[in-house]
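Proteins come first, then strands; the chains are lettered A, B, ... in the order of their sequence lines, and each starts at number 1.
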Protein chains: 2
Amino acid sequence: MSKYDDETTYAIGELAREFDITPRSIRFYEEQGLMSPSRTGQNRVYLNKDRVRLKLILRGKRLGFSLAEVKTLFDMYDTNPNSAIQLEAMLEMTEQKRAVLKQQLEDIQMLMTELDDVEARCREELAELKRGNIA
Amino acid sequence: MSKYDDETTYAIGELAREFDITPRSIRFYEEQGLMSPSRTGQNRVYLNKDRVRLKLILRGKRLGFSLAEVKTLFDMYDTNPNSAIQLEAMLEMTEQKRAVLKQQLEDIQMLMTELDDVEARCREELAELKRGNIA
DNA sequence: GTACAGGTTTACGTTAACGTTAATTACATT
DNA sequence: AATGTAATTAACGTTAACGTAAACCTGTAC
């Protein structure tokens, strides 16, 4: 956590490689108002805070948030950090996501049971074929 | 499980209401080769097996499968399984799907933990605000 | 018999999240 | 000087999964 960590700069390509996305995606996030890196000349220069932002964007995506939703959260945080309204809005969003995830869990468990059945039937029929009981 | 259960028929609008989707969606699934209901005249008539299919489609969607992927699974399931090669291919596919689902399960559990953290922090800060500790 | 609530096909429109050129700039190396 | 690598903007293209509008048929209710 030395001073240097916060002053390290990244080119767009470096960040792209690090997070395994394309530069186009990063520019797109900026275009959508999710980041605003500084420049040297016309080239984008990313600081650690930008890198953190990007990490948050990608995490949001993994959580199933749309870029618009991520932006909403960012905007709320940027304009009015730690206000009760913002916190409650965030709670509401996480509640919704939790419900979706819970449903997905149930679905996956059911599907796995069905896969068990399919597999069992397959193995049975294979066994019969091996026994020579071919219709 | 009487005989009648299997002979109950549904109009497209009934199924749409039951599953809270539009008739357009159901027709689209048919267009993509995911269902093939019978007809009376030009009207679609859905039997219980069609209803089950629709249920499976929607579950697949909730799981993050594309309609194309769902169709692949259906096709495999529908394929006449009397050749050892086909059976073994199907087993291989179900194994792959199982691995994917297992990964998804782990992901979701991790995400839920993260949501727990976010929520906990939110509630803490809210509590502080209520106590009057507003910076 | 006419209004209406359903169904039908055909076909163009929409949204999100980028992909994919194209044309240009700039720095580094050979 | 030429080549290579990475960056830039602008703008059109793409895919999935439907939405939506138009124009039509059709059985039941009044």
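Axis angle across the helix from C/dG1-D/dC30 to C/dT30-D/dA1, with five pairs used at each end and values rounded to 10°: 10°.
The side-chain contact (heavy atoms from CB on, under 4.5 Å) check on A/Ser66 picks up A/Ala68, A/Glu69, with sequence neighbours excluded. With sequence neighbours excluded, no residue forms a side chain to side chain donor-acceptor pair (under 3.5 Å) with B/Lys61. A/Thr113 is linked by a side-chain contact (heavy atoms from CB on, under 4.5 Å) to nothing, counting only residues two or more places apart in sequence or in another chain. Considering only residues two or more places apart in sequence or on other chains, A/Thr40 meets the side-chain contact (heavy atoms from CB on, under 4.5 Å) condition with A/Asn43, A/Val45.
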Q | Derivation of the side-chain contact (heavy atoms from CB on, under 4.5 Å) call for B/Glu14 and B/Tyr46 | A | CA-CA 10 Å; B/Glu14 291 177 296; B/Tyr46 298 88; over 6 Å; no
Q.
Run the side-chain contact (heavy atoms from CB on, under 4.5 Å) test on B/Arg59 and A/Met110 for me, step by step, so that the C-alpha distance in whole Å, both residues' side-chain angles and the decisive distance to 0.1 Å come before the verdict.
A. CA-CA 10 Å; B/Arg59 180 187 302 164; A/Met110 286 183 63; 2.7 Å; yes
(Q) I'd like to know whether A/Leu54 forms a side-chain contact (heavy atoms from CB on, under 4.5 Å) with A/Ile21, so could you lay out the CA-CA distance, the side-chain angles of the two residues, the decisive distance to 0.1 Å, and finally the verdict. (A) CA-CA 11 Å; A/Leu54 183 53; A/Ile21 56 180; 4.2 Å; yes
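The side-chain contact (heavy atoms from CB on, under 4.5 Å) test with A/Leu34 singles out one residue from A/Val70, A/Asp75, A/Ile26, and that residue is A/Val70.
Checking the phosphate oxygens (OP1, OP2) of D/dC18, no side-chain nitrogen or oxygen of B/Thr22 falls inside 4.0 Å.
Note on A/Leu47 and A/Phe19: separate hydrophobic clusters, where clusters join Ile, Leu, Val, Met, Phe, Trp and Tyr whose side-chain heavy atoms are under 4.5 Å apart, directly or indirectly.
Between B/Phe65 and B/Thr72 there is no side-chain heavy-atom pair separated by less than 4.5 Å. The closest side-chain heavy-atom distance from A/Tyr10 to A/Asp50 is not below 4.5 Å.
For residues 40-47 of chain A, proximity to DNA chain D is found at A/Gln42, A/Asn43, A/Arg44, defined as any non-hydrogen atom under 4.0 angstrom from a strand atom. Taken residue by residue, residues 24-36 of chain B places heavy atoms nearer than 4.0 Å to DNA chain C at B/Arg24, B/Arg27.
In this structure, CG in A/Asn48 is found 8.5 Å from NZ in A/Lys55, a value given to the nearest 0.5 Å.
Closest-nucleotide positions on DNA chain C for A/Phe65 and B/Ile12 were compared, and the one nearer the 5' end corresponds to B/Ile12.
Note on residues 15-28 of chain A: pairs passing side chain to side chain donor-acceptor pair (under 3.5 Å), not counting sequence neighbours, are A/Glu18-A/Arg51, A/Thr22-A/Ser25.
Protein chain B contacts DNA chain C from C/dG7 to C/dA11, reading 5' to 3' and using non-hydrogen atoms of the protein with a distance under 4.0 Å.
Between the P atom of D/dT5 and the CZ atom of A/Arg17 lies a distance of 13 Å, rounded to the nearest Å.
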